[in-house]
Structure formats: C-alpha cells, structure tokens
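Notes for the one structure printed next.
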Amino acid sequence: GAVVSQHPSWVICKSGTSVKIECRSLDFQATTMFWYRQFPKQSLMLMATSNEGSKATYEQGVEKDKFLINHASLTLSTLTVTSAHPEDSSFYICSASNRGGTYEQYFGPGTRLTVT
Amino acid sequence: QQQVKQSPQSLIVQKGGISIINCAYENTAFDYFPWYQQFPGKGPALLIAIRPDVSEKKEGRFTISFNKSAKQFSLHIMDSQPGDSATYFCAARYSGNTPLVFGKGTRLSVIA
C-alpha cells in the first residue's frame, strides 16, 4: 500500500514553455503533499507544502509565480513550472502524507525535467 | 544553517560487512527520524524510522541507534550486500504533518 505516482517520469521542453507535473496518491487520501527538488548528487530541497483545498506554502527563495502548485483533491497535486529555463532542469519529487495520523510520507518516483 | 548533518559523504564497504552512517541534528523539537534509500533516477524509499523515546529500532538488517542527549542517530546495515549500494538520507521532522528536513546524503558502495 501507500503508492504515490508521478507523471510524466521525464520531460524535455524548450526554454520559455510551461510544464505540468502530476503527483497522485493511488491508494490513500493525502491531506498534504510536499514538493521537493533534487539536483544531481545533492539532497532533496523542499520547495513547497501543498494542502488540499488551500494555497500552497512556499519555502524561502522559491518563486510562487514560477512554480504553480494546485492541490485540487485528496489524491492529486500538480506542479506547473512556468516559463521554464535551463536552470530549472532538475529532478522533481513529490511526497504525500497520509491522513491517518502517523503522517508518514510516501515519495513518488520523481520527474526528470530537462529544459533546452 | 544545516539542521541535519550527515556523515560520511561516501562509504565503501566489503560485502558482508557493516555499513554505518551517522547524523546529528540541531533542533530538539524534532520528534521523528527516518532513513531513506534512493537509487539513481528513483524517488526515496523509507527504510526505517524512529522516535526519540526509543534508543534503538531494528528491522531485518537495518538498525537505527538513537542518542537523544547527544542529538545523534545512526543507521547500521548488517551483512551489507551489493544490492544495498545506493544513496542514503537521514531526515528529521517536527510533530504533526510537517515537511522532512534531509541530511546531505551518503553514497554507499558495497563491493564483493
């Protein structure tokens, strides 16, 4: 149980375009989803916390107008990278926290974004 | 300020040996300490986790040792196997539905 999926698993886009990444909890309801970014050989850095039905909370230094997060349901959160630039190329990983009280976080498989 | 410090950065262990990775934390308000394993191109997977009211937790070949007074915790992998070669991250979290704070990771290589 506790499976989190991400789509797409990888994407290549041109500079200036927007890309949407989906994060789904497949077998549990997630009141909270977290979005992380990971550069090669580095740790995971929290970008934002997404709560169902409310605005996301962004970490310091993360542009909310550039990284749009929508958490429309208890099983789906989306991250849209707007006007992507090569420096946005990274591995984006979401995690979903279960509703049941332990707040265990289950991670998705990640999305590799390459901006050319 | 790095809230969770992890060492070593990389580790090479012989097959069958014990791999030990250490972490230290700053904030005594943290109350949940998980370890994650990550293979290249994949998301992290939870290995084992501990809360500060317990000094040790064992699951199969993986053991967490927790020293609350020293604000340190460590992961021990017994009988290390080549399939254990991955990057390991320690993390910490406040109580409730809060985000994880990760260490910088340890790249483990288990050689035959």
Side-chain angles (χ1 to χ4, degrees), chain A residues 1-7 9-10 21 23 25 29-52 54 56-60 62 71 74 90-114, chain B residues 1-11 21 23-25 27 29-51 53-54 57 59 64 75 85-109:
Chain A
V3 178
V4 176
S5 70
Q6 280 184 242
H7 178 80
S9 56
W10 60 270
I21 301 170
C23 176
S25 56
Q29 291 185 326
T31 51
T32 304
M33 290 184 174
F34 303 93
W35 287 96
Y36 297 84
R37 181 166 54 183
Q38 186 178 33
F39 292 106
K41 297 185 179 181
Q42 292 190 22
S43 188
L44 287 79
M45 297 299 297
L46 179 69
M47 298 176 67
T49 300
S50 167
N51 290 298
E52 185 261 341
S54 62
T57 302
Y58 291 82
E59 293 301 297
Q60 190 173 12
V62 178
H71 193 157
L74 285 172
S90 188
F91 194 50
Y92 291 87
I93 310 172
C94 71
S95 71
S97 178
N98 68 357
R99 198 179 189 183
T102 62
Y103 304 121
E104 190 57 72
Q105 286 189 33
Y106 301 95
F107 283 83
T111 296
R112 172 75 58 194
L113 170 63
T114 301
Chain B
Q1 181 187 3
Q2 189 182 351
Q3 295 192 66
V4 180
K5 295 182 179 179
Q6 183 171 347
S7 63
Q9 190 173 7
S10 62
L11 181 62
I21 305 171
C23 280
Y25 62 98
N27 198 325
F30 288 139
D31 84 336
Y32 176 75
F33 303 88
W35 284 90
Y36 287 86
Q37 178 189 58
Q38 185 180 32
F39 293 104
K42 305 294 184 183
L46 178 67
L47 268 180
I48 187 170
I50 199 167
R51 295 196 182 274
D53 54 347
V54 177
K57 183 175 181 180
E59 290 184 1
I64 296 181
L75 175 69
S85 297
T87 300
Y88 292 81
F89 293 96
C90 63
R93 193 194 71 194
Y94 300 107
S95 63
N97 207 358
T98 55
L100 293 163
V101 178
F102 283 90
K104 290 194 171 183
T106 296
R107 180 171 285 191
L108 171 66
S109 296

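Naming convention: chains lettered A, B, ... in sequence-line order (proteins, then strands); numbering from 1 in each chain. As the structure is a computational prediction, the values presented were derived from the model and not from experiment.
Residues satisfying the side chain to side chain contact (heavy atoms under 4.5 Å, CB included) test with A:Lys41, not counting sequence neighbours, are B:Arg107.
Here the closest non-hydrogen pair linking B:Lys42 and A:Phe91 is O-CE2, 3.6 Å. Closest approach of A:Tyr36 to B:Leu100, counting heavy atoms only: OH-N, 3.3 Å. The two atoms that bring B:Gly103 and A:Ser43 nearest to each other are O-OG, 2.6 Å, heavy atoms only.
Residue-environment remark: CD (B:Gln9) stays at or below the threshold of 12 foreign heavy atoms within 6.0 Å.
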**OP:** For the pair B:Tyr36 and A:Gln105, evaluate side-chain contact (heavy atoms from CB on, under 4.5 Å) and give the outcome as yes or no after the intermediate values.
**Re:** CA-CA 11 Å; B:Tyr36 287 86; A:Gln105 286 189 33; 4.1 Å; yes
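Of the atoms belonging to A:Thr32, heavy atoms from both backbone and side chain fall under 4.5 Å from chain B. Only the side chain of B:Gln38 has a heavy atom closer than 4.5 Å to any heavy atom of chain A. The part of A:Leu46 that comes within reach of chain B is its side chain, from C-beta onward, which places non-hydrogen atoms under 4.5 angstrom from that chain. Within the 4.5 angstrom heavy-atom criterion, only side-chain atoms of A:Gln38, from C-beta onward, approach chain B. B:Phe102 touches chain A through backbone and side chain together, each having a heavy atom under 4.5 Å away. With a threshold of 4.5 angstrom between heavy atoms, B:Thr98 approaches chain A through N, CA, C or O but not through any side-chain atom.
The most heavy-atom pairs under 4.5 Å with chain A, out of B:Gly105, B:Ala45, B:Gly43, B:Pro44, come from B:Pro44.
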